[in-house]
Amino acid sequence: MALPESVFHSNALVGRAKPNFFIVGAPKCGTTSLHEYLQRHPDVFMPFFKEPHFFGADLEGSRFRQFRNKPERYLKLFRDARGEKRIGESSPWYLASQRAAAEIQAYDPAAKIIIMLRNPIDMMYSMWSQFRYSGNEQIGTFEEALTAEADRRAGRRIRRAAHCITGLYYREMARFAEQVPRYFERFGSENVLVIIFDDFRSDTPAAFRAVLNFLELDPYHEMTFDIRNPNKEVRLEWLQKLIVDSGFSLMLLKDRLTYLATTSSLVPFSYRTRAVKGVIAVYTKYERRSPLTAELRRRLAGELEGEIDALSALLDRDLSHWYRVD
């Protein structure tokens, strides 16, 4: 299990700024946008480095080992906090982890938890596309990647450079009705805010005000809301092949550059962050993702109907439109 709150009381860590709320997922459900919107609020500190995944000892993949059991490295992410009322971090795989909720509770039983959910069919497909871009996924079609889950549980068909093995079990990511109750049970439903991506997209200002009210912050701060984390494709395929064939991960390269930009004191922050964004821009192009075939969407809708109905009952909200296919 990841380190509980007692470890943060070592002499070297006393007085360090620490997070008191967590955006725990799910991936591809708007967490990047919410993280960046919260960065703009004067009473909130969110680090430039997103997704440290300090908690969640059962998460598989090299990306989840960067901060695990390294509290000093983790707390460096918050070194620029200056007395803000809320300090937070966003790690969207905490939701899929069976252990992260208990670990976060051991660290801070009073923490506030934000969960963002989306139609699981769209979430899985979007995640597959993201993994193709980052080099985590080697299978060229989403349908084939779904059929490979059994092989992957046996350790087969996993790329040497894969940084997020947990995410390759796509159907496991969609078990929201199992994942959300872990946080309700550990923190109480009054300390957990669940945001449906449909609402976040259709009325972003209202959804953001709900977040600020939940965090007990001024909900009337002036904000602009732009689109964040659109679908990405590889601009330079030869560069991706070079990185992946070397056994390294594009995501780990990005994380290392971002960590340096977050923690270095040698260069002004604006220059550090601009450099990271420039490196990413060289590699990336933005394109609309091709839609799922109607046949595959129907098949997944049939598989997930019971899961979605269970989530509807849990949240007391009808989400059946997620599995209705015209």
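Predicted, not measured: the structure shown is a model, and the values here were computed from it. Atom set for the values below is all heavy atoms of this structure, side chains included, hydrogens, waters and symmetry mates excluded.
Partners of Arg201 under the side-chain hydrogen bond (donor to acceptor under 3.5 Å, both in side chains) rule, at least two apart in sequence or in another chain, do not exist in this structure. Every residue two or more places apart in sequence or in another chain was checked for a side-chain hydrogen bond (donor to acceptor under 3.5 Å, both in side chains) with Asn20, and none qualifies. A search for side chain to side chain contact (heavy atoms under 4.5 Å, CB included) contacts involving Glu178 returns Arg175, not counting sequence neighbours. Partners of Glu137 according to the side-chain hydrogen bond (donor to acceptor under 3.5 Å, both in side chains) rule, which considers only residues two or more places apart in sequence or in another chain, are Arg152, Tyr170. Looking at residues two or more places apart in sequence or on another chain, you find a side chain to side chain contact (heavy atoms under 4.5 Å, CB included) between Arg186 and Ala101, Ala102, Gln105. Every residue two or more places apart in sequence or in another chain was checked for a salt bridge (Lys or Arg N to Asp or Glu O under 4.0 Å) with Glu190, and none qualifies. When the side-chain hydrogen bond (donor to acceptor under 3.5 Å, both in side chains) test is applied to Glu216, the partners found at least two apart in sequence or on another chain are Arg86. Residues forming a side chain to side chain contact (heavy atoms under 4.5 Å, CB included) with Asp318 (at least two apart in sequence, or on another chain): Ser320. Legend: residues meeting side chain to side chain contact (heavy atoms under 4.5 Å, CB included) with Ser312, ordered by chain and number and at least two apart, are Ile308, Leu319. Here Arg82 pairs with nothing under the salt bridge (Lys or Arg N to Asp or Glu O under 4.0 Å) rule; sequence neighbours left out.
For residues 294-309, the side-chain hydrogen bond (donor to acceptor under 3.5 Å, both in side chains) pairs, not counting sequence neighbours, are Asp122-Arg297, Glu143-Arg299, Arg171-Glu303, Asp309-Tyr323.
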Can I get a per-line list of side-chain donor-acceptor pairs under 3.5 Å for residues 204-214, giving both atom names and the distance, sequence neighbours left out?
{"from": "Thr204", "atom 1": "OG1", "to": "Phe200", "atom 2": "O", "distance (Å)": "2.6"}
{"from": "Asn213", "atom 1": "ND2", "to": "Arg209", "atom 2": "O", "distance (Å)": "3.2"}

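Side-chain N or O atoms of Arg159 include none that pairs as donor or acceptor with a backbone N or O of Ile139 at under 3.5 Å. Looking only at distances, no side-chain donor or acceptor of Asp151 sits under 3.5 Å from a matching main-chain atom of Arg157. A donor-acceptor pair is defined here as one N or O able to donate and one able to accept, closer than 3.5 Å; no such pair exists between the side chain of Ser126 and the backbone of Met123. Using modelled atom types, one side-chain atom of His41 and one backbone atom of Asp218 make a donor-acceptor pair closer than 3.5 Å.
Side chains of Ser91 and Glu89: a donor-acceptor N/O pair is present below 3.5 angstrom, by distance only.
Between Gln66 and Pro52 there is no side-chain heavy-atom pair separated by less than 4.5 Å.
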